[in-house]
Amino acid sequence: QTLALPISAGRQPGPPSGPPPPPDGPAVALRARVPGTTTARVEPFGPEGRLVVVVRVDPALRRGALSDSDSATLTAAAHLALEVRRPLVAIVSTSGADVSAGVAALHGWGGAARALVAASGVVPIACAVVGTALAGPALLLALADIVVMSDDALAYVSGPADRKST
């Protein structure tokens, strides 16, 4: 499925008139009816309201545990960002793969990584870690052009208790 954005002939829109719309303003949701902790939308972002593809992981749902459908949402967002040549912004706070989803969740993260690699170097990829990023999502941060972390953010592949001093 192809999503048409309000941009004529692939040209950048002119400077915005007036203040940019609020984040709740005009946006196009991707996979809007798919359940999960991850949402993706094309929306105005930043002080100039530039259209970007934004992926958010909601830590309030299952501590942000990511199922195969969540990784499919991230994959779809990365594919769309590449197709329409828009930056991809991910706002992440997750406990990692949803263990109840089993191997399917891990396979999904492989697909998400492949989609991010395809977009890398073509569109800017930015990640903001606003909580915890465990395991696979921590590895995906390495595929971003820029990673910003809040004061209380943590990103690691294995837990701090797994590390032993020698």
Side-chain angles (χ1 to χ4, degrees), residues 1-7 9-16 20-31 34 36-59 64-97 105-158:
Q1 296 177 353
T2 303
L3 176 68
L5 295 176
I7 299 171
R11 295 174 47 203
Q12 298 287 334
D24 295 343
V28 178
L30 307 175
R31 297 174 45 89
V34 176
T37 61
T38 304
T39 59
R41 299 177 358 151
V42 176
E43 64 183 57
F45 195 83
E48 295 164 5
R50 181 178 181 182
L51 286 178
V52 301
V53 180
V54 179
V55 176
R56 289 182 176 86
V57 178
D58 184 357
L66 300 163
S67 67
D68 54 332
S69 67
D70 294 307
S71 56
T73 298
L74 175 56
T75 301
H79 284 295
L80 179 64
L82 181 60
E83 180 181 336
V84 298
R85 299 295 198 260
R86 292 288 172 183
L88 177 64
V89 177
I91 303 167
V92 180
S93 180
T94 174
S95 59
L106 299 177
H107 175 72
W109 280 104
R114 183 172 37 194
L116 288 173
V117 167
S120 180
V122 182
V123 297
I125 301 172
C127 290
V129 182
V130 295
T132 305
L134 292 176
L139 294 172
L140 294 181
L141 296 177
L143 299 174
D145 296 304
I146 185 169
V147 176
V148 179
M149 299 180 74
S150 64
D151 289 338
D152 61 342
L154 296 171
Y156 49 89
V157 177
S158 62

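Small disclaimer: the values here were computed from a predicted structure and weren't measured. Starting from 1, each residue takes its place in the sequence as its number.
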Visitor: Can you name the closest pair of heavy atoms from Gly131 and Ser93 and give their distance?
Guide: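 Gly131 and Ser93 have their closest heavy atoms at CA-OG, 3.5 Å.
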
Visitor: Is any side-chain heavy atom of Arg85 less than 4.5 Å from a side-chain heavy atom of Val122?
Guide: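 Contact flag for Arg85/Val122 side chains = yes.
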
Visitor: How far apart are the closest heavy atoms of Ser71 and Ala112, and which atoms are they?
Guide: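 Heavy atoms of Ser71 and Ala112 come nearest at O-CB, 4.0 Å.
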
Visitor: Do Val57 and Leu74 touch side chain to side chain, with heavy atoms closer than 4.5 Å?
Guide: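 Not in contact.
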
Visitor: Is any side-chain heavy atom of Val129 less than 4.5 Å from a side-chain heavy atom of Val147?
Guide: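 Yes, side chains in contact.
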
Visitor: Between the side chain of Asp145 and the main-chain N/O of Ile125, is any donor-acceptor distance below 3.5 Å?
Guide: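 Yes: the side chain of Asp145 pairs with the backbone of Ile125.
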
Visitor: Measure the spacing between CZ of Arg86 and CD of Glu43 and express it to the nearest 0.5 Å.
Guide: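 Here the rounded value is 13.0 Å.
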
Visitor: Using 0.5 Å steps for rounding, measure from the OG1 atom of Thr75 to the CG atom of Asp70.
Guide: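 Rounded to the nearest 0.5 Å, the OG1-CG separation comes out at 10.5 Å.
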
Visitor: Answer yes or no: is there a side-chain heavy-atom contact under 4.5 Å between Leu141 and Cys127?
Guide: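 In short, these two side chains touch, coming nearer than 4.5 Å.
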
Visitor: For a quick test of reading the model, state the closest non-hydrogen atom pair linking Ala133 to Val92 and the distance between them.
Guide: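 In this case the closest contact between Ala133 and Val92 is CB-CG1, 4.4 Å.
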
Visitor: By the definition side-chain contact (heavy atoms from CB on, under 4.5 Å), identify the one residue from Leu82, Val55, Val52, Leu80 that meets it with Leu88.
Guide: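 Single side-chain contact (heavy atoms from CB on, under 4.5 Å) partner of Leu88 among Leu82, Val55, Val52, Leu80: Val55.
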
Visitor: Determine the minimum heavy-atom distance between Leu140 and Ala113, stating which atoms define it.
Guide: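 Nearest heavy atoms, Leu140 then Ala113: CD2-CB, 3.6 Å.
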
Visitor: Write down the atom of Ala77, the atom of Ala40, and the distance for their closest heavy-atom approach.
Guide: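 That closest heavy-atom pairing would be CB-CB, 4.0 Å.
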
